[in-house]
Amino acid sequence: LLTETLRRVPGLTITPTGRRSVNAIRGRMQCRPAVLVDGVAVYNGADDLDLLVPPSNVLAVEVYTGVASTPPNFAVLDGNACGAVLIWTR
């Protein structure tokens with residue numbers, strides 16, 4: 001699962017939501033980082049990443065843990081104080 005890989009990233013917390021196969025992604029201070037798949041923001045589906053992006057389709061993952069490190073073209077949510085998780089697919 002993609003969220004199992006993200007569990008190893010410092011600054012991110014992945015927790016089960018109680019729904020089957022769904023994990024919530026949280027950054028520092030429990031805020032939600034922006035999640036983008038192939039450069040497109042995923043707002044309500046970010047907690048369903050494991051359902052949206054099969055691991056076999058993942059080419060690369062980039063994690064930015066704060067506003068200072070997030071490239072401006074990926075700062076899509078309210079200034080992105082929590083950073084961004086970028087997923088690139090094949």
Note to self: Using the rule side chain to side chain contact (heavy atoms under 4.5 Å, CB included), only one of Leu36, Val37, Leu6 pairs with Val85; which is it?
What the structure shows: Leu6

Identify every side-chain donor-acceptor pair in residues 54-64 under 3.5 Å, counting partners at least two apart or on other chains, and give the distances.
from, atom 1, to, atom 2, distance (Å)
Glu62, OE1, Tyr64, OH, 2.4
Glu62, OE2, Trp88, NE1, 2.6

Item checked: Pairwise side-chain contact, Ile87 with Val35, heavy-atom cut-off 4.5 Å (strictly under) -> yes

Next item on the list: State the OG1-CG distance between Thr70 and Leu86, to the nearest 0.5 angstrom.
Entry: 8.0 Å

